[in-house]
Q: 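Mind having a look at this structure? Questions to follow.
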Amino acid sequence: MKVAADLHIHSGLSPCGHDDMTPHNICGMASVKELQMIAVTDHNSVGNLRRLEAAAQDYGIILLPGIEIQTREEIHVLGYFPTVEAAEAFAKDLALALPKRKNVVKLFGHQWLYNEEDEAQGEVADLLLQSIEWDLKETIQRVKAFGGVAVPAHVDKAANSLVATLGFVPPDLPVATLEISGRYDRENDPMMLASFQLIRSSDAHFLRDLLEAEEIYELPTCSREAMLAYLRGGE
Amino acid sequence: MKVSEMLAGAELIQVAGESGNGNEIKGAYIGDLLSLVMSRALEGNLWITIQAHENIVAVASLVEVSAIVVAEGIRVEAGTIEKANELDIPIFESIAPAFELAKTMIGLGIQ
């Protein structure tokens, strides 16, 4: 079956995410855009996933639990997990690898946590926009250890991308899927990424930027398991 | 040494933050991984980098570096300039590579 999905969205927990990016707003917008599955992937944190899971249920869409990790090399890697609990267990380890530095709202923005009513009920105090101590390989291994799938994010971008930081995609990289930005020309494949599965998501920080139903996944069922299996390369 | 005195002795183009030219330079730090700069650069350092994204301004402000020199002829983005002007962080462009800039700064007496 065909599943329309947007697997890279930021909530207001990401300092760069707009304050309108609350759980119900995100899921409502996804529903208006006729997406069947979304992943909200905040920087180095999963603090809003429980609320998002509940909101997604209200709108009849599937939330794939996710996170956007910043490795020691400043590469952004998306991690997708089978359950919110698995994502939270992973994030607990990650929090220990995040340098202890407080967020400065004026410089970086708010890091909102939401309640059931979509109200900001608090903030994560430690700055999330930092590199953790794990390198790329360790990060991928740790995502896998929690039953997840790692997908390097926006690999064609000039900042925080695998290619910009390391120069090229290491041939032995243990991932099947790479995320490309909206600008990448998939047909001509200028960076020769074709040996990987390429997916495109919005990296939305504003509600209007969520994908339309344009990135279509051919899956056996519309489920988290089916999407994770697809991102693993159909193992 | 003040940023303005350093500017007089080096071939740099100021693109932002002139209001911070009175900042005192205490040593220098060269680095491009922003997370490393956040944890290793010291207050008052002159920061030499090839990063030009607006995130450098937040990092500079956090660490309280005295000024940023963007090396290798890389052009500083408009958003970066705007933010640096807001936060009074001097930014300079230079066509020289970081090693050449380091030699120049040492020649000026920055240790």
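Below, each value reflects all heavy atoms present in this structure, side chains not excepted, and no hydrogens, waters or symmetry copies. The sequence lines fix the lettering, A, B, ..., with proteins before strands; numbering per chain opens at 1.
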Q: Residues in salt bridge (Lys or Arg N to Asp or Glu O under 4.0 Å) with B:E100, at least two apart?
A: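 Applying salt bridge (Lys or Arg N to Asp or Glu O under 4.0 Å) to B:E100 gives B:K103.
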
Q: Checking A:R142 against A:W134: charged group under 6.0 Å from the ring centre and within 45 degrees of the axis?
A: yes

Q: Given that the side chain runs from C-beta out, which part of A:R101 has a heavy atom under 4.5 Å from chain B: side chain, backbone, both or neither?
A: side chain

Q: Does either side chain, that of B:E77 or that of B:H53, offer a donor lying less than 3.5 Å from an acceptor on the other one?
A: no

Q: Counting only non-hydrogen atoms closer than 4.5 Å, does A:L127 touch chain B with its backbone (N, CA, C, O), its side chain (CB onward), both, or neither?
A: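 Looking at A:L127, just its side chain touches chain B.
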
Q: Report which part of B:L87 has an atom under 4.5 Å of a heavy atom belonging to chain A: side chain, backbone, both, or neither.
A: side chain

Q: Among B:K83, B:Q51, B:M38, which residue has the highest count of heavy-atom pairs closer than 4.5 Å to chain A?
A: B:M38

Q: Determine whether the aromatic ring centres of A:H18 and A:H10 lie less than 6.0 Å apart.
A: no

